[in-house]
Amino acid sequence: MRYESPATTKEAVALLAQEKGNARILAGGTDLLVRMKSGLDEPALVVDIKKIPDMTAIKKTTNGFKIGAGVSGARLGANKDLCKAWPGVVEATNLIGSDQIQGRATMVGNLCNASPAADSVPAMIAAGAKAVVVGKAGRRTVPVEKIVTGPGSTSLDKGDVIEAITLPKANKRTGDAYLRFTPRTEMDIAVVGVGISLTIERGVIKKARVALGAVAPTAILVPSAARAITGTKLDEEALDKLAAACSKACNPIDDKRGTAAYRIRVAGVLSKRAAKIAYARAGGAA
Amino acid sequence: MRWMKPPWNLRLVRVSLNGALRSGVGGAAFIDVEAATIRELLSRLIERYPDMQAQLDRGIAVAIDGVVFRDDWSQPLPLGAEVVLMPRIEGG
Amino acid sequence: MSGAELVTTKINGDVVEFACPTDEVLLDSLRDRVGLTGVKEGCGTGDCGACSVTMDGQLVCSCLVLGVEANGADIGTVEGLSDGNELHPLQQQFIDNAALQCGICTPGFLVSAKALLDNNPNPTETQIRYALAGNLCRCTGYDKIVKAVQAAAKDMRKSKQSKAKRK
Amino acid sequence: MTHDNSYTGQKFKVIGNRFKRPDGVDKVTGRARYGADASAPGQLVGLVLRSPHAHAKIKKIDTSKAEKLPGVKAIITSDDLPDLTGGARDMANILENCMARGRALYDGHAVAAVAAVDNQTARKALKLINVSYQVLPHVTDVDEALKEDAPVIHDWVYTGGLDPKPTTPSNAANRTQMGHGDVDAGFAAADVIVEHTYKTEQTHQGYIEPHACLATVSPDGSAEMWVTTQGPFTYRTVCATLLGLDIAKLKVTSSEIGGGFGGKTHVWMEPLALALSRKTNRPVKMVMTRDEVFRASGPTASTSIDVKIGAKKNGKITAATLEMRYQGGAFPGPWAMLACMTGFACYNIENQRSVGWDVIVNRPKVAAYRAPSAPMAAFAVESALDIVAERIGMDAVDLRLKNVAKEGTQAPYGPIYGPIGIEAALKAVKKHPHYKARLQKGQGRGVACGFWFNIGGQTCVDLNIGTDGTVNLAVGTVDVGGARSSMAMIAAEELGISYDDVRVSVADTASLGHNDTTEGSRGTFSSGMATIFAARDAINVLRERAAKMLDVPVEDVVWQDGEARATGKGHGNLPVLSLKDIAGKSANTGGPIAGHNEVVADGAGMGFAAHICDVEVDNETGLATVARYTVVQDAGKAIHPDYVEGQFQGAAAQGIGWALNEEYVYGADGRLQNAGFLDYRIPVCSDLPFIDTQILEIPNPNHPYGIRGVGETSIVPPLGAVNNAIASAAGVRMKHAPMSPIRVLDALDEASVESQVSAG
């Protein structure tokens, strides 16, 4: 196996594009190294992106935030501005694994691993996050929900690298939240995950985005759930409609971590709880 | 009293058996054996019930008045003692 | 055959050089090439924390880091916790509180607990429990471990105060 | 020399204190050496190829490609191991579990092993071994395995314990029955009868240290093995027998052991390491991955249990029965029998019957797990007892007290109990502040009891006194949780010296006589007994030496508080000699001073516990969280209270994990789906509260200090305690453990449907 740690995104793209064998990007490595240990993945080339300055920075931009692909969960959690603007996204990322995992794991890695249960992904989708993809054809921006196409597969081409994730500028009246259900308090994989972001005006929800994880082959954006609460003050009726829309949008399977029926049911339960947190964060009165 | 004591003039010990061990003695819940120690008890048992050998090989223990002996076969069997043959147990 | 690279790194304050296959994880490099067998493998998949080390001050599972990534980094392991002859307060309190039974998870717990207390000198019980959630212990039920960390935190705060006073 | 093992009620100076463990510094500095921490010059790495099928005929194993890979030194299959199938079945089974012979019997079953110069090469070699399998029908569920259309796994297994003897092979290896009285009459006399079926899923001991060994076999037939084990002497006997080595020529050294809980009482890949080393004449190191530990080292049984309890309105139990099915994995085991012996052990039930079926399935061979088989039976019994209490309107603890076993009660397995502690434990529960504390909203409280026999067994120790008066004690039971500290305390107590003057080590098999495996909570009981006797032997030698130094008859010398003093007429002005004085002159009084003891430590004291558990249930997700937990257990005598508490807490935590989330999940293909710590969910630190403990000390009459074993009992009550707490919090009575969120939510759904139906 060849190990490379280029200093620029351009070099990384070139290395990946040139490699004839199996090439992998190493960000946090918390998924890749596990697959390598079990023999599921035997890359001929590993490109470590953590020496690329653009990929290891959290930048405040005029449009919001740009978070490098190599930024770990621990660094995300330590960034006060980001925690204030997008607490749901930060919390979701910080739920991945232990403090040890947080020292390495990245949002982009979580996204590109393409697990339906990735914690950061529904939160990113709800927040309207976009991926900055660099490939042979240059740089392009892709909504996060368009990256993953199925368990273990993405829309990225060979040689494509996600350089960063962008988050929009957060409005004072915007709040986001992510909740997941796991049997253990920590060190667990989501059985269901719900990310919600919403913007209110005088207590009324003007805009909302609701995304679910672990209930379909990919994390999904659920417009019907957003519609259920838009224009409401998140009263009981709206919450019940939200829960029903979320449950309806689920297309889950039975697996070792949970049954389809359980996931459908709990998606509704968690959506209500997450919505209440997001609403309060947006300044709405409970 | 759970059962009648054996007659005192013989050095008989009444041994009760549990579980699978009973199948080795034709299903009896207890038998009377003339024995002064665990070792004698076991030899008499095998003489009378050759099927017991397999059970013994699998491992047994003898409880004398509630105290379980797994290995010390020289233990005396006091007259009138409550003697129970049981499977040998291990643990975690 | 796998490629190999020469890695120069600082481990517990000493500069160390070793060659390792590029696909070897830091855990194996530390154990098999540097001889630091205090770093334990419980799972190899980042789920038990027995291999916890710090890398440039950040707590990580060494089973989820490539050995070659340690090039130029500063690594801290359980072997570097004590100050010469003097045990770290966490080490001392783990012994005093009987916070270990079999001891296989202990090195990982100590490294994680130190990372916690370095960042948060006065953690609540809940904060301690969540900070140590990446370290599995099967012997103790965590009870005495949490108490040992609480006691060590107190010791460390006291010694910091007395040092400050002396200045 | 025989010693009296009766309890004497002696007053202690050292025992009962909380000393620092001698291996503490090594373990907090990373210096302690565990199974995988040893290496030898020229060592090879051994890896195992494992079956991906639950049940398959092995048609052919082609190793030719792998053998040609540079760096590969040896490959073995069952063809390279002795064929024991004609001999004693138990040894043949052990070997067949270590390496499949003709058939792979479970997902993870070893089919070949490789020794190569390094891990990378060995991994490549495994991929180059070509095994042709013919997949056979499999069965992994204990109830399915007993159905008529289930594939019969072994043609040599005929159900034992049946009359007449069966004529066709079966997956039921054995039927066991225990009990006494007339259950039919008992049930006829009952006012209330509760009858339910409970299921428990398979759990693993989950020790953090995977199996690991370093084996060296020389062409002259001598061999050494460094290994993480609970029983170095047993490993020696078993490995030597399996491979045809001389027992005395195989030296087994137990490393520091990173947890065992019963899982390190059986051999797994150790015979393969020896066989590879014999073939290559090089040291071979083998370390299991976590995946291998889960798939191929013994978990505990999954079970299905019918319980029936009849009681009078006043709470008196008139009859009780258990019909239990325990799967032992791919080979017969004693597991249902142990369940029959323990199920009703906490209670005085005049009419009782326990029937157990040991069942063979396509899963890894079951090994002992802390109080093996008892927690599942107790889950059924303790859950059913709470239902009885509810039906007759009686407090659940009072119901237990009304029927509690006491001195004089007949145990389910026959004998009459001596002094035991379950009544005291239940009374302590009623008085405990936890039991009286107010519950928060959404919380419920449950109580449950547990029993474990505890055992003794063959034990020997060597106690050697140095010329400066410090003492070395070599024991043959391993130290899984602070035992060296307890042994040093016992030696110090007897000799009348300071704890710090005693150093305890775990001896290898070449340095000490046979010691039974450290299992069954026997370590402190047995080695403690042997240490007391060895110290007393040493004291006799010390008295002899002092008599020589003082020129008085030995009968005139007494040993008191670590000193020899001459008593009697005319000796008043003679000096008092300390152990150090006598040791310093030992060269001139007869040479080294030592005490030895070899003993069969019989008369182990039964262990009983009662637990209090508070849980909080999230009714919308089914998530149950333990909010508060208290263990009350009889230790006989707590030698080192810290480590007694540690055993209580650790056992309770394992039981809570079992109760809530731990389980083996098998797919329809018969493969284990969660062979890792991510999806096999043992409790993490943030899942648990502090675990309160109360140590009771009801002396075991058959130990000089009154010691009972303490290690296992407290894994028995948690399943029942958690279930009873869930019932109190959420109003549903679970019948299937673990009581995971999905199962609890299902139960809540069923309950709400039922209440709607009954309301409509």
Side-chain angles (χ1 to χ4, degrees), chain B residues 1-3 5 13-31 37-39 41 49-78 80-92, chain D residues 88 90 160-163 174-180 205 230 260-263 265 300 334 337-338 340-341 354 356 367-372 407-408 410-418 452-458 516-517 519-522 599-600 602-604 606 701-702 709 711-712 715:
Chain B
M1 267 303 91
R2 247 164 287 274
W3 54 70
K5 293 280 184 201
V13 183
R14 180 153 287 182
V15 184
S16 52
L17 299 98
N18 250 297
L21 291 171
R22 276 186 199 165
S23 61
V25 296
F30 56 84
I31 46 172
T37 63
I38 294 180
R39 184 173 294 102
L41 163 70
Y49 306 100
D51 279 2
M52 282 301 287
Q53 187 63 53
Q55 306 279 8
L56 258 56
D57 291 345
R58 214 168 288 150
I60 59 117
V62 179
I64 306 171
D65 288 331
V67 182
V68 179
F69 296 91
R70 299 200 319 160
D71 297 288
D72 186 357
W73 289 6
S74 300
Q75 275 299 322
L77 303 175
E82 180 244 355
V83 178
V84 182
L85 210 58
M86 52 186 263
R88 184 189 166 93
I89 48 124
E90 284 165 5
Chain D
D90 56 345
L162 291 184
D163 194 25
N174 256 306
R175 179 190 182 276
T176 309
Q177 184 174 326
M178 299 267 166
H180 45 257
Q205 298 83 350
Q230 291 174 248
F261 315 110
T265 62
T300 188
M337 178 195 81
L338 288 172
C340 289
M341 296 169 79
S354 298
Y369 176 20
R370 206 169 199 158
E407 184 167 2
Q410 188 178 10
Y413 50 96
I416 309 292
Y417 289 131
W452 184 249
F453 311 88
N454 300 329
I455 63 169
Q458 301 184 72
D516 284 344
T517 299
E519 63 184 357
S521 303
R522 78 175 211 93
V599 67
V600 173
D602 274 322
M606 285 87 187
N702 305 304
E712 294 167 287
I715 198 175

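Atom set for the values below is all heavy atoms of this structure, side chains included, hydrogens, waters and symmetry mates excluded. Worth saying up front: this structure is predicted, and the values here are computed from it rather than measured. Just so we're on the same page: letters track the sequence lines, and every chain starts at 1.
- Looking only at heavy-atom pairs under 4.5 Å with chain B, the residue among D:Gly160, D:Gly520, D:Cys340 that has the most is D:Gly520.
- Of the atoms belonging to D:Asn702, it is side-chain heavy atoms, and not backbone ones, that fall under 4.5 Å from chain B.
- For D:Tyr417, no part lies under 4.5 angstrom from a heavy atom of chain B.
- If you measure heavy-atom distances from D:Pro412 to chain B, the contacts under 4.5 Å come from the backbone alone.
- In this structure, the portion of D:Met337 lying under 4.5 Å from any heavy atom of chain B is its side chain and not its backbone.
- At a 4.5 Å heavy-atom cutoff, the contact between D:Gln230 and chain B is made by side-chain atoms alone.
- Using a 4.0 Å cut-off between charged nitrogen and carboxylate oxygen, B:Arg58 and D:Asp90 do not count as a salt-bridge pair.
- Evaluation of the side chain to side chain donor-acceptor pair (under 3.5 Å) rule for B:Glu90 yields no partner, not counting sequence neighbours.
- The nearest pair of heavy atoms linking B:Ile38 to B:Asp72 is CD1-O, 3.6 Å.
- With sequence neighbours left out, D:Arg522 forms a salt bridge (Lys or Arg N to Asp or Glu O under 4.0 Å) with no residue at all.
- Of the listed residues D:Pro701, D:Gly161, D:Pro372, D:Ala88, the one with more heavy-atom pairs under 4.5 angstrom with chain B than any other is D:Pro372.
- Formation of a donor-acceptor pair under 3.5 Å by the D:Asp602 side chain with backbone atoms of B:Arg70 is found in this model.
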